[in-house]
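Data block below; observations after.
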Amino acid sequence: MPAGRLMLLDTPSLYFRAFFGVPESVKAPDGTPVNAVRGLLDMIARLVSERRPTRLVCCFDADWRPEFRVAAIPSYKAHRVAEETPEGSVEETPDTLTPQLPVIDAVLDALGLARTSVPGYEADDVIGTLAARDPGPVDVVTGDRDLFQLVDADRDVRILYTAKGIRNLEVFGEQEVAAKYGIPGRAYADYAILRGDPSDGLPGVTGIGEKTAATLISRFGSLAGLLEALDAGVTEGLPPGNRRRLEAGRAYLGPAELVCRVATDLPIQVDDTLPSAPKDPAALDALAERWNLASPVKRLLAAL
């Protein structure tokens with residue numbers, strides 16, 4: 001049986017934050033920027049040192065814009081596409097970040113930190129699956145509000161939200177989600193489907209904004225409960241204007257469910273044990289020297 005607190009990292013969210021938070025003047029001896037690598041390692045060191053997980057998994061995108069979500073809603077993340085290729089959409093990524101990604105993989109592997117992805121799915125889906133099947137407690141570290149849908153007071157599943165930085169993490173459980181959005185604690189996905197999310201290219205139901213979405217989800221408990229009431233002809237709490245908007249948006253709501261809800265049943269096998277020593281010390285030493293990573297590697301090893 002798993003023991004202790006599991007920490008799940010939304011690794012792309014973290015390395016993008018590291019890239020923009022650490023100056024590009026931080027470089028390897030050959031002049032290659034390593035700001036994202038150094039920043040990510042220092043983030044993990046701080047998380048391990050301050051939050052003391054006993055298990056940890058670095059979760060990655062195998063597909064940042066999965067075909068099944070694009071087929072459901074073509075506008076999904078369309079504004080972030082740099083180009084289309086036969087293999088799929090290429091995400092708009094800074095030129096100096098892309099070469100750092102293989103370095104991140106190599107350093108994590110040498111450290112022995114678990115990292116995993118699933119073909120055709122996003123890091124969110126990997127996190128959703130690992131969080132759903134774990135008895136808890138679970139901390140999910142992300143800058144993506146979509147993962148608020150995973151909070152669970154019964155199993156102590158929390159989101160450590162990075163919007164204000166790793167030094168100022170906001171902890172969201174059911175109570176905090178309810179307080180911030182005025183919805184039942186586990187109903188964030190229902191709320192997001194209704195009001196939409198421009199950052200992901202999701203339009204929402206036309207005419208239903210944040211306040212109306214929160215009111216409807218709070219009154220009927222969930223999107224499914226709301227639609228049942230709509231079909232049953234309930235009028236209390238569903239004035240004519242909202243009924244018309246919801247009826248007009250029915251064709252959107254089904255596909256939006258597929259896009260907004262993270263997968264919780266992917267076939268993942270991963271050893272989430274947090275190592276106390278590097279898996280491959282020689283490889284780690286070589287990587288640290290080549291990429292000017294001695295200091296962050298030392299800090300992370302001390303935390304471990």
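Just so you know, residue 1 is the first one in the sequence shown, and it goes up from there. We use all heavy atoms of the structure for the numbers below, so side chains are in, but hydrogens, waters and symmetry mates are not. Just so it is clear, the model here is predicted, and its values are computed rather than measured.
In this structure a side-chain-to-backbone donor-acceptor pair under 3.5 Å is missing from S13 to T142. Side chain of R155 to backbone of D134: a donor-acceptor contact under 3.5 angstrom is found. A donor-acceptor contact shorter than 3.5 Å is absent between the side chain of D272 and the backbone of V57. Side-chain atoms of D144 come within 3.5 Å of backbone N or O of D146 as a donor-acceptor pair. In this structure, the side chain of D61 engages the main chain of A123 through a donor-acceptor pair within 3.5 Å. The backbone N or O of G182 lies less than 3.5 Å from a partner atom in the side chain of S218, making a donor-acceptor pair. With Q149 contributing its side chain and V262 its backbone, the two residues share a donor-acceptor pair below 3.5 Å. Remark: the backbone N or O of P33 is not paired with any side-chain donor or acceptor of T96 at under 3.5 angstrom.
At a threshold of 4.0 Å, the pair D125-R69 counts as salt-bridged, since one of the basic side-chain nitrogens sits closer than that to a carboxylate oxygen. One finds a salt bridge joining E236 and R219 here, because a Lys/Arg side-chain nitrogen approaches an Asp/Glu carboxylate oxygen to under 4.0 Å. A salt bridge does not link R133 with D265: every distance from a Lys NZ or Arg NE/NH1/NH2 to an Asp or Glu carboxylate oxygen is 4.0 Å or more. Taking a cutoff of 4.0 Å between a charged side-chain nitrogen and a carboxylate oxygen, R115 and D105 qualify as a salt bridge. Salt bridge status for D10 with R17: absent, with no side-chain N to carboxylate O gap under 4.0 Å. Salt bridge absent: R55 and D271 never bring a charged side-chain N and a carboxylate O closer than 4.0 Å.
Side-chain N/O atoms of R38 and N35 include no donor and acceptor closer than 3.5 Å. No hydrogens or angles considered: a donor-acceptor pair under 3.5 Å links the side chains of T32 and D30.
By the neighbour-count criterion of 12 heavy atoms within 6.0 Å, atom CD of E247 is densely surrounded, having more than that number from other residues, nucleotides or ligands.
For Y121 and F68, the ring centers sit closer than 6.0 Å to each other. Between F16 and F19, the distance from one ring center to the other does not fall under 6.0 angstrom.
Cluster membership check: L47 shares its hydrophobic cluster with V37, using side-chain heavy-atom separations under 4.5 Å among Ile, Leu, Val, Met, Phe, Trp and Tyr. By the rule that hydrophobic residues join a cluster once side-chain heavy atoms approach within less than 4.5 Å of another member, F60 and M7 end up as members of one cluster. A single hydrophobic cluster is not seen to contain both L56 and I268; linkage of ILVMFWY side chains at heavy-atom distances under 4.5 Å, directly or through other members, places them apart.
Rounding to the nearest 0.5 angstrom, the gap separating the OH atom in Y15 from the CG atom in L41 is 14.0 Å.
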For this session: Apply side chain to side chain contact (heavy atoms under 4.5 Å, CB included) to the pair I183 and D190, showing each step before the final yes or no.
Result: CA-CA 9 Å; I183 56 177; D190 306 71; over 6 Å; no
For this session: Decide yes or no on side chain to side chain contact (heavy atoms under 4.5 Å, CB included) for V140 and V151, but give the supporting numbers first.
Result: CA-CA 9 Å; V140 175; V151 296; over 6 Å; no
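Between F148 and Y161, the ring-plane angle classifies as perpendicular under the 30° and 60° cut-offs.
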